[in-house]
*Asks:* 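Before we start, here is the structure in question, set down as structure tokens.
In what follows, residues are counted from 1 in the order of the sequence shown. Please read all numbers here as calculations on a predicted model, not as lab measurements.
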Amino acid sequence: MASLAPSFGRGAMTNSWTDIKNADLVIVMGGNAAEAHPCGFKWVTEAKAHRGAKLIVVDPRYNRTAAVSDYYAPIRPGTDIAWLMGMIRWMIENDKVHWEYVRNFTNAAFIVKDGFGWSDGLFSGYDPEKRDYDRSTWDYVIGADGYAEVDMTLENPRCVWQLLKQHVDVYTPEFVENITGTPADKFLHIAEMIGETAAPDKTMTSMYALGWTQHSKGSQNIRGMAMLQLILGNIGMAGGGMNALRGHSNIQGLTDMGLMSNLLTGYLSMPTEAEVDYATYMSTRNFKPLRPGQTSYWQNYSKFMVSFMKAMYGDAAQAENDWGYHWLPKLDVPNYDVLRMFELMNDGHVNLYFCQGFNPLMAFPNRGKLTSALSKLKLLVTIDPLETETARFWENHGEYNDVDTASIQTEVIQLPSTCFAEDDGSLTNSGRWLQWHWKACTPPGEAKLDTWIMAQIFTRVRELYRKEGGSVPEPILNLSWDYADEGDPTPDELAREVNGRALSTVYDTADTSKVVVEAGKQVLNFTQLRDDGSTMCGCWIYSGCWNEDGNNMARRDNEDPSGLGVYPNWTWSWPVNRRTLYNRASCDMEGKPWDPTRMVIEWNGEKWVGNDVPDISPTARPQDVGPFIMNPEGTSRLFSRGMMRDGPFPTHMEPFESPMQNVFNAEMRGNPVARVFEADVADLGTSDEFPYVGTSYRLTEHFHYWTKHNRVNSVLQPQFFVEISVELAEEKGISNGGWVRVWNKRGSVKAKAVVTKRIKPLICDGKPVHVVGVPLHWGFTGVAKKGYGPNSLTVFIGDANIETPESKAFLVNIEASEEPVA
């Protein structure tokens with residue numbers, strides 16, 4: 001999942017970090033904000049101090065966020081969906097529903113096709129041979145007028161609301177306790193707290209991170225909470241929302257800028273082989289509204305796409321050649337994510353691998369397989385400011401990296417790059433704010449800017465094509481490269497290119513005599529983009545970041561007239577400087593705020609005004625246009641139609657390695673449509689051999705694999721450890737601070753044991769379940785003591801929708817051990 005999709009599959013925060021101070025209730029589930037996002041967590045403390053907000057934490061460990069919470073509940077890794085569906089059931093049963101919001105702003109009233117159903121843990125249309133669903137029944141009934149049929153009374157047995165009630169009916173508090181290990185009394189106490197925010201003047205915000213995404217059903221974890229928030233009326237509200245805490249200051253920018261294998265910039269999608277020309281590609285992307293009079297903003301897709309193609313290929317992109325569409329890569333599979341790439345590499349199908357700003361040997365699952373794959377390359381190129389284990393995968397470091405160096409023939413070239421403090425540019429935070437930063441120091445030694453390195457590689461490859469020709473040269477020779485110094489593009493040039501400009505005079509579509517943008521000028525924002533070739537734009541959602549007003553990302557006006565933490569002139573937020581997505585939903589059907597004391601926007605009888613940029617046409621009457629304008633329904637989705645591979649409703653599925661069978665279908669292992677390569681099935685273990693649940697996490701004192709190169713951080717957390725309960729330590733004869741070995745079929749690690757009361761055994765299906773916590777920051781390069789990471793143990797399996805590896809739930813065994821030999 002993308003950030004713009006109100007199905008909330010993955011992506012950005014709907015609100016801003018600063019908006020969290022407006023919450024009445026904060027739930028941190030699927031993350032550990034106080035530890036992994038300590039600066040952003042300040043806004044939770046603001047909400048607690050100034051609004052009397054309460055903080056709930058649901059996590060396998062009593063972590064640092066839980067330590068400052070008002071209420072904590074434990075949960076077994078990989079069972080969040082059961083917990084969330086149980087919470088939705090409780091809200092419905094106890095009438096804790098924001099009815100006007102649900103009726104008008106969700107698809108609760110939409111009628112679903114008769115063929116849709118669910119039984120034995122599976123939805124209709126499952127094909128076990130293909131491990132995939134025929135999703136044709138997962139959709140609405142479309143009337144003769146071309147619009148979806150609805151029942152605003154919500155009484156039709158085939159409407160989404162009634163189907164949802166049926167779907168969650170099994171998730172009683174007792175059922176939830178049995179699956180998740182969360183005691184029923186704790187679950188019910190939290191339900192009471194959450195239920196209070198169904199009131200129009202109360203809001204809850206959800207803060208989550210990789211604790212939800214790194215599962216084989218991670219997208220459905222997030223959807224589950226989004227559905228709960230919609231039922232409570234907490235999306236679009238000040239102090240509400242679904243807030244994805246991105247784990248790195250620019251990971252948000254990575255997805256925004258199309259660095260996923262199946263995306264172009266701004267969440268435009270990569271074409272597939274079946275889309276043989278531009279017309280075919282566009283035929284499924286100009287979404288027709290499903291309700292009368294509704295805005296469907298993706299109807300502007302062609303404007304964004306053509307402007308992107310003009311940014312890519314300049315004058316070479318013309319209507320006559322489909323704007324250069326044929327030069328874009330075409331996917332023959334849904335995507336080429338990291339799992340597929342390393343699977344191909346391990347099978348000998350990849351010769352050259354560029355690894356920029358990442359350390360896959362320590363980050364991706366099943367380290368043994370990664371080492372095998374990297375050993376089959378002809379050439380590995382790393383671009384990084386620091387020494388990484390990936391660059392040194394071929395070195396023997398005793399037990400920490402026990403490889404036969406002489407047998408590895410991979411050539412490795414390390415290109416030292418700069419870190420963020422050694423360059424100008426922008427970072428995009430979780431809250432969608434693009435913040436410009438300025439160079440603080442000169443790069444050391446031979447370190448070069450990433451942009452310089454990439455420009456040098458491109459221009460030299462292009463010169464080879466010019467001299468020698470080659471297969472399909474057009475994408476290289478026609479690529480627009482319009483910089484003052486072709487070998488060294490500047491951040492200013494790149495930012496202006498991303499914003500977009502008029503290539504010829506742009507006229508008003510309603511009054512063709514009126515000039516909107518003069519040729520050569522920066523466009524104001526994406527509303528001025530056209531699909532006739534008159535505009536270019538590198539990333540439509542970033543359009544507005546550097547327009548004729550200048551570098552809006554560099555703004556530092558900290559005035560906040562609203563008092564709501566909007567800070568409209570502090571840097572710039574995508575899209576169009578909007579701070580709260582779907583903010584039209586903060587008002588009722590007449591356009592009046594649900595909570596006037598926290599007014600985001602409101603309807604004044606003629607237009608939308610207020611403290612934020614309206615997420616709707618400024619003159620769209622509140623009764624006429626629904627708030628979720630990126631969806632053709634105009635509503636958010638409690639039922640996601642056929643857009644999620646594993647079901648239109650979330651349903652409980654066990655992790656692929658679990659101490660329990662699937663309660664709905666004992667024969668079903670994991671997510672039935674998750675990414676699983678056949679060769680990796682043999683590496684899956686059972687609870688008979690590996691009885692304990694492993695999970696991974698981060699520590700405040702370290703930042704991924706960077707700070708182990710810093711002596712101060714290395715002293716603060718000097719040694720790789722695993723965290724276990726007092727009860728498990730007693731059962732296995734393990735002493736606090738003693739060495740242990742943790743292993744499964746994929747690998748083995750040795751660590752110091754931290755025996756703690758922060759982790760307690762959970763009772764699931766009448767049996768105790770022990771959890772082993774494994775932090776991830778160590779390796780065999782840097783100044784820190786050598787160590788391992790959880791990826792030696794994690795499964796090589798990806799989420800069904802976005803392929804994120806299942807790193808948060810796997811099985812292990814543990815025993816007392818000796819210190820590893822370096």
Side-chain angles (χ1 to χ4, degrees), residues 1-3 5-11 27 29-31 58 75-89 106-107 116-126 131-133 135 138 160 163-164 166-168 170-171 175-176 179-180 206 208-231 235 242-244 334 337 636-656 658 662-665 668-676 795 797-809:
M1 332 202 83
S3 304
S7 291
F8 305 103
R10 64 162 185 257
I27 182 166
M29 185 176 179
V58 182
I75 188 172
R76 175 166 65 93
T79 64
D80 303 79
I81 289 173
W83 198 98
L84 292 163
M85 294 303 99
M87 199 58 64
I88 288 174
R89 181 189 182 278
T106 79
N107 64 354
F116 170 74
W118 181 89
S119 64
D120 297 326
L122 296 165
F123 293 95
S124 53
Y126 186 66
R131 295 194 74 253
D132 205 356
Y133 283 105
R135 289 169 267 172
W138 305 3
V160 167
L163 292 174
L164 175 62
Q166 294 173 27
H167 184 74
V168 302
V170 68
Y171 296 95
F175 180 93
V176 171
I179 297 296
T180 69
S206 166
Y208 70 92
L210 295 176
W212 268 353
T213 56
Q214 290 185 339
H215 291 276
S216 57
K217 65 278 190 178
S219 301
Q220 296 285 11
N221 288 337
I222 299 159
R223 281 214 73 238
M225 178 57 83
M227 291 163 62
L228 176 61
Q229 285 286 69
L230 291 167
I231 287 168
I235 299 293
M242 285 294 296
N243 292 315
D337 60 289
S636 56
R637 296 179 180 129
L638 299 173
F639 177 90
S640 67
R641 308 172 66 194
M643 301 182 72
M644 306 283 281
R645 290 189 62 231
D646 44 3
F649 293 133
T651 190
H652 169 67
M653 296 170 276
E654 289 292 331
F656 274 82
S658 173
N662 186 305
V663 69
F664 299 123
N665 185 339
M668 192 169 88
R669 184 169 197 173
N671 185 332
V673 297
R675 162 67 66 75
V676 185
V795 295
I797 287 173
D799 169 79
N801 296 286
I802 58 173
E803 320 297 350
T804 303
E806 185 162 58
S807 299
K808 295 298 181 183

*Asks:* Given 3.5 Å as the limit, does a donor-acceptor pair link the side chain of Asp646 with the main chain of Asn801, or not?
*Replies:*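 It does not hold such a pair.
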
*Asks:* Once rounded to the nearest 0.5 Å, what's the spacing between atom CZ of Arg637 and atom CZ of Phe649?
*Replies:*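 One finds 13.0 Å between CZ of Arg637 and CZ of Phe649.
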
*Asks:* When rounded to the nearest 0.5 angstrom, what is the spacing between CG in Leu84 and CD in Gln220?
*Replies:*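 Rounded to the nearest 0.5 Å, the CG-CD separation comes to 11.0 Å.
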
*Asks:* If every non-hydrogen atom of Pro672 is compared with every non-hydrogen atom of Tyr133, which pair is closest and at what distance?
*Replies:*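 Taking Pro672 first and Tyr133 second, the nearest heavy atoms are CG-OH, 4.2 Å.
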
*Asks:* Determine yes or no for a side-chain-to-main-chain donor-acceptor pair under 3.5 angstrom, with Arg645 supplying the side chain and Val673 the backbone.
*Replies:*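 Judged by distance alone, yes, a pair lies under 3.5 Å.
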
*Asks:* Checking Arg669 now: which residues fulfil side-chain hydrogen bond (donor to acceptor under 3.5 Å, both in side chains) with it, not counting sequence neighbours?
*Replies:*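 Here no residue qualifies.
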
*Asks:* Would you indicate whether the side-chain heavy atoms of Met29 and Asp80 approach each other to under 4.5 Å?
*Replies:*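 Asp80 vs Met29: side chains touch.
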
*Asks:* For Glu654, is there an ion pair with Lys217 - N to carboxylate O distance below 4.0 angstrom?
*Replies:*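 Salt bridge between Lys217 and Glu654, a charged N being under 4.0 Å from a carboxylate O: no.
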
*Asks:* Would you say the side chains of Asn665 and Asp120 form a donor-acceptor pair under 3.5 Å?
*Replies:*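 No donor-acceptor contact under 3.5 Å links the two side chains.
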
*Asks:* Determine whether a donor-acceptor pair (N or O, by modelled atom type, separation under 3.5 Å) exists between the side chain of Arg675 and the backbone of Gly798.
*Replies:*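 Pair absent, no side-chain N/O of Arg675 close to backbone of Gly798.
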
*Asks:* Do any N or O atoms from the side chain of His167 and from the backbone of Pro650 form a donor-acceptor pair under 3.5 angstrom?
*Replies:*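 Yes, the answer is positive, given that a donor and an acceptor are paired below the 3.5 Å cut-off.
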
*Asks:* Output the distance between atom CG (Asn243) and atom CD1 (Ile27), rounded to the nearest 0.5 Å.
*Replies:*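 Here the rounded value is 13.0 Å.
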
*Asks:* Decide yes or no on side-chain contact (heavy atoms from CB on, under 4.5 Å) for Leu164 and Met227, but give the supporting numbers first.
*Replies:* CA-CA 10 Å; Leu164 175 62; Met227 291 163 62; 3.7 Å; yes

*Asks:* Could you measure the distance from the CE atom of Met668 to the OH atom of Tyr126? Nearest 0.5 Å is fine.
*Replies:*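 It comes to 8.0 Å.
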
*Asks:* Please work out which of the three classes, parallel, tilted or perpendicular, describes the rings of Phe116 and Phe123, given edges at 30° and 60°.
*Replies:*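 Ring orientation of Phe123 relative to Phe116: parallel.
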
*Asks:* Could you walk me through whether Met85 and Thr651 pass side-chain contact (heavy atoms from CB on, under 4.5 Å), step by step?
*Replies:* CA-CA 8 Å; Met85 294 303 99; Thr651 190; over 6 Å; no

*Asks:* Has Tyr171 got a side-chain atom pairing as donor or acceptor with His652's backbone, closer than 3.5 angstrom?
*Replies:*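 Judged by distance alone, yes, a pair lies under 3.5 Å.
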
*Asks:* Evaluate side-chain contact (heavy atoms from CB on, under 4.5 Å) for Ser119 paired with Phe664, printing each intermediate quantity in order.
*Replies:* CA-CA 8 Å; Ser119 64; Phe664 299 123; over 6 Å; no

*Asks:* Sub-3.5 Å donor-acceptor pair from the side chain of Thr79 to the main-chain atoms of Arg76, do we have one?
*Replies:*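 Checked: pair present.
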
*Asks:* For Ser640 versus Met644, what's the shortest heavy-atom pair and its separation?
*Replies:*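 For Ser640 versus Met644, the nearest heavy atoms are OG-CG, 3.3 Å.
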
*Asks:* Please tell me whether Ser219 and Asp799 have a donor and an acceptor in their side chains that are separated by less than 3.5 angstrom.
*Replies:*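 There is such a pair between these side chains.
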
*Asks:* For Arg641, what residues pass the side-chain hydrogen bond (donor to acceptor under 3.5 Å, both in side chains) criterion, not counting sequence neighbours?
*Replies:*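 Residues passing side-chain hydrogen bond (donor to acceptor under 3.5 Å, both in side chains) with Arg641: Asp139.
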
*Asks:* What are the two closest heavy atoms between Ala674 and Ile797, and how far apart are they?
*Replies:*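 Nearest pair, atom of Ala674 first, then Ile797: CB-CG2, 4.5 Å.
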
*Asks:* Are any side-chain N or O atoms of Arg223 and backbone N or O atoms of Pro648, one a donor and one an acceptor, separated by less than 3.5 Å?
*Replies:*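 Yes: the side chain of Arg223 pairs with the backbone of Pro648.
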
*Asks:* Show the nearest heavy-atom pair for residues Gly224 and Ile88, with the distance to one decimal.
*Replies:*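 Heavy atoms of Gly224 and Ile88 come nearest at O-CD1, 3.9 Å.
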
*Asks:* Over 60° means perpendicular and under 30° means parallel, so classify the ring planes of Trp212 and Tyr208, tilted if in between.
*Replies:*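 Correct class here is tilted.
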
*Asks:* Indicate yes or no: at least one non-hydrogen side-chain atom of Met225 is less than 4.5 angstrom from one of Ser206.
*Replies:*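 Met225 vs Ser206: side chains touch.
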
*Asks:* Distance alone, cut at 3.5 Å: any donor-acceptor contact between the side chains of Ser216 and Glu806?
*Replies:*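 A pair is found: one side chain offers a donor N or O, the other an acceptor, under 3.5 Å apart.
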
*Asks:* Please answer whether the main-chain N or O of Ser124 pairs with a side-chain N or O of Trp138 as donor and acceptor at a distance below 3.5 Å.
*Replies:*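 Yes; judged by distance alone, with no hydrogens or angles, the pair exists.
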
*Asks:* Quick one: pull up OG in Ser636 and CD in Gln229 and give me the separation to the nearest 0.5 Å.
*Replies:*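 Between atom OG of Ser636 and atom CD of Gln229 there are 11.5 Å.
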
*Asks:* Rounded to the nearest 0.5 Å, how far apart are CG of Leu210 and OG1 of Thr804?
*Replies:*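 Between Leu210 CG and Thr804 OG1, I get 8.0 Å after rounding to 0.5 Å.
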
*Asks:* Taking Asn107 for its side chain and Leu638 for its backbone only, find out whether a donor-acceptor pair lies under 3.5 Å.
*Replies:*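 Side chain of Asn107 to backbone of Leu638: a pair is present.
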
